[in-house]
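Here the structure comes first, spelled out in structure tokens, and everything after it is commentary.
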There are 2 protein chains.
Amino acid sequence: MGDPRPIKKPSRIQLRNRRRILDAALDTFSQFGFRGTTLDQIAKAAGLSKPNLIYYFDGKEAIHAALLSELLETWLDPLKELDAGGEPMEEILAYVRRKLRLSQDFPRESRLFATEIIQGAPHIQRVLETDLKTLVDKQARIIQGWMNDGRLAPADPYHLIFSIWSLTQHYADFDTQVRAVLATEDAFPAAEAYLETLFTRLLKV
Amino acid sequence: MGDPRPIKKPSRIQLRNRRRILDAALDTFSQFGFRGTTLDQIAKAAGLSKPNLIYYFDGKEAIHAALLSELLETWLDPLKELDAGGEPMEEILAYVRRKLRLSQDFPRESRLFATEIIQGAPHIQRVLETDLKTLVDKQARIIQGWMNDGRLAPADPYHLIFSIWSLTQHYADFDTQVRAVLATEDAFPAAEAYLETLFTRLLKV
DNA sequence: CGTGCCTTTGACCATTTGGTAAAATAATGG
DNA sequence: CCATTATTTTACCAAATGGTCAAAGGCACG
């Protein structure tokens with residue numbers, strides 16, 4: 001799926017150009033949305049000609065799909081690392097920090113994901129209903145276990161996870177708004193401190 | 001600004017059709033974004049012909065601008081109601097509830113706003129830096145005052161406000177994801193309970 | 001009921017845009 | 001160095017799209 005047109009192993013130049021294209025596409029897709037992005041835009045940003053894009057990807061949809069599929073792994077990973085054997089509060093806070101770092105280091109990816117979801121997740125609905133749901137169910141059970149054992153204050157584990165997503169991604173997706181209000185260089189240090197306080201007070205027994 | 005083409009008072013039919021257009025446009029803009037929406041789409045949804053749209057609005061941009069400007073008032077209102085004279089915790093919780101209700105009742109507006117911000121707020125940056133910033137500064141000062149008086153636990157008031165926005169809007173903007181994970185009819189009752197718990201534990205002295 | 005204005009429409013355009021075809025230009029392996 | 005394959009470009013196209021225009025249809029009101 002999403003393999004190079006020829007079914008051979010990709011050459012060095014293939015790899016390089018594919019990466020360039022995906023990077024350029026991430027820029028524009030995350031900023032202007034799928035329909036708001038033109039192939040010419042991507043091509044120019046990638047330093048290639050439009051037909052050359054098509055040589056590497058089967059079309060605009062294919063580029064977008066490749067981006068989303070790459071993104072999904074990065075996106076779900078941090079939640080997987082939640083360790084049932086760890087210290088509950090520390091596990092949650094570590095997850096929050098991982099997720100916040102993701103927002104800080106990959107804001108374009110965050111916005112691409114956000115746009116996809118806001119538009120009804122037309123390309124990844126299936127993944128959400130299967131992979132994501134399965135993962136969340138599993139981790140919610142772990143958290144619920146901690147609460148049942150009295151190691152965390154009780155709270156709906158699903159909405160807890162939602163709130164972590166929401167709060168951390170906010171600093172990437174709504175960066176413009178945050179900046180407009182704070183007029184601060186970098187909101188992340190304060191954000192990290194605030195979120196640590198928030199989840200500590202929420203979950204401390 | 002955004003007035004009917006003739007500078008006369010709008011007739012009954014003008015009002016009706018303008019409203020139809022804006023409603024149809026809200027549907028499509030919030031779902032497909034600005035570039036992803038076509039005039040034909042709006043026209044069809046509004047039950048009008050394309051040239052007829054142009055008769056009522058100066059173009060696609062004008063429709064979008066009209067929507068955004070309408071939206072902004074609705075969006076900032078709940079924050080204005082924060083009353084310095086009220087009981088602090090109740091004021092905050094009431095604000096959370098108002099904001100959550102907005103997400104529930106106006107999800108299209110929420111998504112339109114989100115898309116605009118994610119794309120860098122090209123049309124409303126100025127408003128964010130002036131009106132919104134001014135308002136937030138003012139209300140943050142009130143909250144800070146409550147904390148200084150020991151009536152709320154200390155926390156960064158700006159990030160507190162951000163977290164309220166983020167958490168409440170999440171249920172509108174990321175509705176698709178929430179539904180995919182929960183497979184529940186309506187997430188709002190549980191969300192309201194969760195958020196009340198969260199902010200109570202965060203801010204209780 | 002007729003006149004003048006508001007509203008609507010059908011036909012039409014220019015531009016943009018995703019994508020193609022084929023020729024031209026590098027690479028690469030023997 | 002040649003032949004073959006991989007890559008890139010030039011010239012195009014068909015469809016979609018935002019928008020125009022002039023004519024036709026309604027409507028209100030004297």
Side-chain angles (χ1 to χ4, degrees), chain A residues 2-68 115 119 122-123, chain B residues 2-29 31-68 119 122-123:
Chain A
D3 284 334
R5 284 270 259 323
I7 321 208
K8 290 189 161 185
K9 62 178 176 183
S11 69
R12 185 121 3 93
I13 193 166
Q14 283 240 5
L15 249 15
R16 176 174 55 83
N17 281 346
R18 284 180 155 261
R19 184 102 320 270
R20 275 191 192 176
I21 292 171
L22 289 179
D23 192 65
L26 181 55
D27 261 349
T28 51
F29 278 141
S30 66
Q31 188 169 169
F32 305 110
F34 180 76
R35 293 280 317 266
T37 294
T38 72
L39 284 182
D40 285 305
Q41 243 176 318
I42 301 176
K44 190 177 170 188
L48 298 173
S49 68
K50 185 169 60 171
N52 209 0
L53 288 196
I54 307 295
Y55 175 76
Y56 286 104
F57 289 90
D58 281 340
K60 196 178 169 185
E61 285 277 6
I63 300 178
H64 191 250
L67 272 180
L68 270 184
T115 303
Q119 300 194 350
H123 304 95
Chain B
D3 284 334
R5 284 271 260 321
I7 322 210
K8 291 190 162 186
K9 64 176 175 186
S11 69
R12 186 125 358 96
I13 194 166
Q14 283 239 6
L15 250 15
R16 178 174 54 84
N17 281 347
R18 285 180 154 261
R19 185 103 320 270
R20 275 192 191 176
I21 293 170
L22 289 178
D23 192 65
L26 181 54
D27 261 350
T28 51
F29 279 140
Q31 189 170 167
F32 305 110
F34 180 75
R35 293 280 316 266
T37 295
T38 72
L39 285 181
D40 285 305
Q41 243 177 317
I42 301 176
K44 191 177 170 188
L48 299 173
S49 68
K50 187 168 58 172
N52 210 0
L53 288 198
I54 307 295
Y55 175 76
Y56 286 105
F57 289 90
D58 280 339
K60 196 178 169 183
E61 285 277 8
I63 300 177
H64 190 250
L67 272 180
L68 270 185
Q119 301 193 350
H123 304 94

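Convention: sequence-line order gives letters A, B, ...; per-chain numbering from 1.
Distance, B:Asp58 CG to D:dG18 P: 16 Å, rounded to whole Å. Across the protein-nucleic acid pair, B:Ile42 atom CD1 and D:dG19 atom P stand 10 Å apart, rounded to whole Å. The CD1-P distance, from A:Ile21 to D:dT7, rounds to 11 Å in whole Å. Look at CD on A:Gln41: it is 8 Å from P on C:dT17, rounded to the nearest Å. One atom, CG of B:Leu48, and another, C1' of C:dT7, lie 10 Å apart when rounded to the nearest Å. Between B:Leu53 atom CG and D:dG18 atom C1' there is a gap of 11 Å when expressed in whole angstrom units. Between B:Phe57 atom CZ and C:dT7 atom P the separation is 13 Å, expressed in whole Å.
Both B:Lys50 and B:Asn17 sit near DNA chain C, but only B:Asn17 has its closest nucleotide nearer the 5' end.
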Could you run through nucleotides 21-30 of chain C and give me one letter per nucleotide, 5' to 3': B if any protein heavy atom sits under 4.0 Å from the base, S if only the sugar-phosphate is that close, - if neither? B---------
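Between A:Ser49 and the phosphate of D:dT9, there is a side-chain N or O to OP1/OP2 separation shorter than 4.0 Å. Contact check, B:Asn52 against C:dT7: no side-chain N or O comes under 4.0 Å of OP1 or OP2. Contact check, A:Gln14 against D:dT7: a side-chain N or O comes under 4.0 Å of OP1 or OP2.
The minimum heavy-atom distance linking A:Tyr56 with A:Arg18 is given by the pair O-NH2, 3.0 Å. For the residue pair B:Ile42 and B:Ile63, the shortest heavy atom distance occurs at CD1-CD1, 4.5 Å. Here the closest non-hydrogen pair linking A:Ala24 and A:Ala45 is CB-CB, 3.7 Å.
A:Leu22 has its side chain within reach of A:Phe57: a pair of non-hydrogen atoms, C-beta onward, lies under 4.5 Å apart.
In this structure, of D:dA6, C:dG18, C:dT20, it is D:dA6 that holds the atom nearest to the side chain of A:Tyr55.
One finds the CG atom of A:Leu15 at 12.5 Å from the CZ atom of A:Arg20 (value rounded to the nearest 0.5 Å). Atoms CG and CG, on B:Leu68 and B:Leu26 in that order, are 10.0 Å from each other to the nearest 0.5 Å. One finds the OG1 atom of B:Thr28 at 10.0 Å from the CG atom of B:Asp23 (value rounded to the nearest 0.5 Å). Distance check, rounded to the nearest 0.5 Å: CD1 of A:Ile21 to CG of A:Leu48 gives 5.5 Å.
Direction of the helix axis in the helix from C:dC1-D:dG30 to C:dG30-D:dC1 shifts by 20° between the two five-pair termini, rounded to 10°.
Scored by the side chain to side chain donor-acceptor pair (under 3.5 Å) test, B:Asn52 finds no partners at all (sequence neighbours excluded). With sequence neighbours left out, B:Phe34 forms a ring-ring contact (aromatic ring centres under 6.0 Å, His included) with B:Phe29, B:His64.
Taken residue by residue, residues 24-40 of chain A places heavy atoms nearer than 4.0 Å to DNA chain C at A:Thr37, A:Thr38, A:Leu39.
Sorted by first then second residue, the salt bridge (Lys or Arg N to Asp or Glu O under 4.0 Å) pairs that include residues 24-51 of chain A, not counting sequence neighbours, are A:Asp27-A:Arg108, A:Asp40-A:Lys50.
One cannot find a donor-acceptor pair under 3.5 Å joining the base of D:dG19 and the side-chain atoms of B:Lys60.
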